[in-house]
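These notes are about the structure you will find just below.
Because the structure is predicted, anything quoted here is derived from the model rather than measured.
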Amino acid sequence: MIPYYILALLPPVVSYLIFSNKEQQKKRTKLMLMLFFGVFLFLVSCRAVSVGVDNSKYTYIYETIANTSFNKVTNIIDIEAGFIYFSKIISMISEEYQLLVFVVALISVIPIAVMCIKESENGLLTIALFLSVAPFSIYFSALRQVLAVAFIVPAYYLTKHKKLIWFVLTVAIAMLFHQSAFIILLIYPLYHVRLTGNKFLFIVPAIVLVYVFNQPIFRFLLTLMGDRYDERYGSELTNAIMMILLFAIFVAFSFFMVDDKKLEKDTIGLRNLLVVALILQLFAPVSNVAMRINYYFIPFIPILMPKIINRSKPQYRQIAILAHVVMCIFFIVYFFYDAHTTVDGGVMKIFPYKFMWE
């Protein structure tokens with residue numbers, strides 16, 4: 001567990017020692033996140049095959065791809081063609097699975113790191129949320145999907161600058177690595193909607209109806225994703241409901257604490273994506289596939305919540321400061337509590353951490 005303690009605690013300690021003054025918060029945040037994602041990239045790149053539930057499967061896939069010719073490889077492995085050819089090219093350099101792990105780590109972690117370093121207004125809160133709320137664990141396991149998730153970063157910036165054609169092309173490329181990436185298409189239109197508190201109240205009944213009828217609605221959505229995404233993933237009902245409650249609290253907090261008239265477009269757009277994350281999470285009690293779909297929206301939460309706290313109404317400023325402290329402590333403590341109490345390494349089998357040379 002020591003590597004995870006270094007990941008979570010070393011960046012804040014070093015950053016606060018170097019930039020201790022309140023006026024240096026921006027520099028502190030950037031340094032903190034650079035250190036955090038630097039260590040994170042190292043851990044993802046150097047993990048043992050036993051760290052991550054899907055690694056044994058991907059080891060077999062990679063070895064099969066490496067020993068199959070280009071013109072036959074898509075007939076042998078039934079997964080997205082983009083990942084197959086990507087793996088084939090990597091295997092021409094080396095048939096060692098660890099090389100694929102390293103390249104995927106670079107491509108998947110660096111974009112998220114750049115976005116967080118550039119956009120976050122509070123490094124400690126971003127780290128706390130990334131560890132416990134954002135899909136931290138999938139970077140150690142789900143190779144295809146973390147490659148697809150990486151494309152939310154260019155998609156986000158293309159959305160901000162209204163580059164629709166490039167946005168669509170980006171989503172199309174992401175789908176070559178994981179078919180579920182089609183859901184990224186929702187980012188463009190929903191980011192640009194000016195969803196204020198009064199308007200949100202009108203869609204609350206619709207959200208309730210989605211939860212009530214989540215099973216038939218989700219079965220229909222599954223038909224858009226192909227046969228490989230079925231009920232074999234099952235669901236963890238208790239955890240799914242807890243995440244629904246957590247996202248609902250985040251949504252209520254993000255609307256209640258701020259003055260919509262004073263919010264800039266980017267914060268409103270990111271808040272809209274939080275609402276989407278809540279709606280998608282409503283399907284999680286039906287199937288874990290819903291959680292996989294939500295991986296494309298949850299990574300925006302660690303950069304949104306600091307913005308909401310920094311833009312709180314004057315009369316709620318003390319509440320916002322308290323919320324910041326509580327969230328930082330709670331989510332970091334929860335991460336280590338889960339690490340120490342989870343059975344068999346957790347759902348993604350990432351505990352305890354082992355290096356590839358162990």
*Does atom CE of Met34 have more than 12 heavy-atom neighbours from other groups under 6.0 Å away?*
no
*With a cut-off of 6.0 Å (strictly less than), are more than 12 heavy atoms of other residues, nucleotides or ligands near CZ of Phe213?*
no
*Dump the intermediate steps for side chain to side chain contact (heavy atoms under 4.5 Å, CB included) on Phe102 and Glu96, then the final yes or no.*
CA-CA 11 Å; Phe102 176 72; Glu96 289 293 327; over 6 Å; no
*Validation row, ring centre Tyr316 to ring centre Phe256 under 6.0 Å*: yes
*Are Asp266 and Arg271 ion-paired here, with the side-chain N under 4.0 Å from a carboxylate O?*
no
*Under a 4.5 Å cut-off applied to non-hydrogen side-chain atoms, are Pro306 and Thr126 in contact?*
yes
*asked:* Angle between ring planes, Phe40 versus Phe36, binned at 30° and 60°: parallel, tilted or perpendicular?
replied: parallel
_Atom CD1 of Ile2: over 12 foreign heavy atoms under 6.0 Å_ = no
*asked:* For Ser180 and Tyr296, which I'm curious about, is there any donor-acceptor pair between the side chains at under 3.5 Å?
replied: yes
*How would you list, by chain and number, every residue that makes a salt bridge (Lys or Arg N to Asp or Glu O under 4.0 Å) with Asp259, sequence neighbours excluded?*
none
_Sequence-distant partners of Glu121, salt bridge (Lys or Arg N to Asp or Glu O under 4.0 Å), two or more places apart_ = Lys307, Arg311
*With distance as the sole criterion, is a donor-acceptor pair present between the side chains of Lys265 and His192 under 3.5 Å?*
yes
*Give me the ring orientation class for Phe86 and Phe83: parallel if the planes are under 30° apart, tilted from 30 to 60°, perpendicular past 60°.*
tilted
*Could you list the residues that satisfy ring pair (Phe, Tyr, Trp, His ring centres under 6.0 Å) with Tyr156, not counting sequence neighbours?*
Phe300
